[in-house]
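Encoded as structure tokens, the structure appears first; notes follow it.
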Amino acid sequence: GNYGVAAIELDGGARSEGGVTVGTFNNTIDNNLIANNFTTYDLDVPTTGQPQWDNNNTSDYNLFFRSTGTIKFTDGGAYMSWADQPTTLPGWQTVSHLDAHSLNVNPLFVSGGVGALAYQIAANSPAITAGANFSSTFTTDFSGTARPNAGFDIGAFQHAGTAVTGTGTGTGTGTGTGTGTGTGTG
């Protein structure tokens, strides 16, 4: 887990300083597994929910989970009196218009992992094939495992058992001899 104000924090909304507009603009926060944080917020993103901070930031296909306590979001300033601070994913989706495909479930990690490997997902994880497809940008995961052309997993690790499907045709013939057994090719 992370410690601090937010597990992912984009700080500084659009504002004018000396006639120049500055802020945190055009960020995409996708396919992140944000779990077991000790931060105040799981996500702090200036959003279209607060027009004065409309920075074209996006967030989707993430998985949020805390084994104790509730998840918590803020849309543009944890310390601002006008900031929305929902404590559910549906509440965040309503005020931010973000994370339409995101999940709030236990990611089901593989047990026994140490360091970054503690965040590998188990075979029955809801994160499997739930991510956005970034195959044109990322061909491998954090450990070098190939990412498929479809069925991206949420998080840094692609589950090794994720199926990659394809189509093909083939023909074959076979013969068998003997009693009770047979051989063939196809």
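The residues of the chain are indexed from 1 along the displayed sequence.
- Looking only at distances, a side-chain donor or acceptor of D30 sits under 3.5 Å from a matching main-chain atom of D60.
- Between A35 and P107 the shortest heavy-atom distance is CB-CG, 4.3 Å.
- Here the CG-OG1 distance, from N27 to T58, works out to 8.0 Å after rounding to the nearest 0.5 Å.
- Considering all non-hydrogen atoms of both residues, L108 and S125 come closest at O-CB, 3.9 Å.
- Hydrophobic clustering (ILVMFWY, side-chain heavy atoms < 4.5 Å, transitive): V95 and I29 are in one cluster.
- Between R147 and F157, the shortest heavy-atom distance links the atoms NH2-N, 4.0 Å.
- Aromatic ring centres of F73 and F64: separated by under 6.0 Å.
- Within the 4.5 Å cutoff, the side chain of V105 has heavy atoms near those of the L63 side chain.
- Using modelled atom types and a 3.5 Å distance limit, the side chains of S67 and N36 yield a donor-acceptor pair.
- Residues A123 and I128 come closest through the heavy atom pair O-CD1, 3.3 Å.
- Using a 3.5 Å distance cut-off with no hydrogens or angles, the side chains of N133 and S135 do pair a donor with an acceptor.
- Under 3.5 Å, the side chains of S59 and N62 contain a donor-acceptor pair of N or O atoms.
- With hydrogens and angles ignored, the 3.5 Å screen pairs a side-chain donor or acceptor of D141 with a backbone N or O of Q158.
- Heavy-atom minimum distance, R66 versus Y41: NH2-C, 3.8 Å.
- Summarising the geometry, atom OG belonging to S102 is positioned 6.5 Å from atom CD1 belonging to I154; distances are rounded to the nearest 0.5 Å.
- With hydrogens and angles ignored, the 3.5 Å screen pairs a side-chain donor or acceptor of D153 with a backbone N or O of H159.
- Atoms CG and CG, from L103 and L89 in turn, are 8.0 Å apart once rounded to the nearest 0.5 Å.
- A donor-acceptor pair under 3.5 Å is formed between the side chain of D42 and the backbone N or O of K72.
- Contact annotation: the side chain of L33 approaches that of F109 to within less than 4.5 Å [non-hydrogen atoms, C-beta and beyond].
- Taken from CH2 in W92 to CG in N104, the straight-line distance is 13.5 Å, to the nearest 0.5 Å.
- Around the CZ atom of F134, the shell of radius 6.0 Å holds more than 12 heavy atoms that belong to other residues, nucleotides or ligands.
- When every heavy atom of G91 is checked against every heavy atom of P86, the shortest pair comes out as C-CB, 3.6 Å.
- The aromatic rings of Y61 and H101 sit parallel, their planes meeting at an angle under 30°, below the 60° perpendicular limit.
- V110 is not connected to I121 by any chain of hydrophobic side-chain contacts under 4.5 Å among Ile, Leu, Val, Met, Phe, Trp and Tyr, and they are in different clusters.
- Within the 4.5 Å cutoff, side-chain heavy atoms of D99 are placed close to those of L43.
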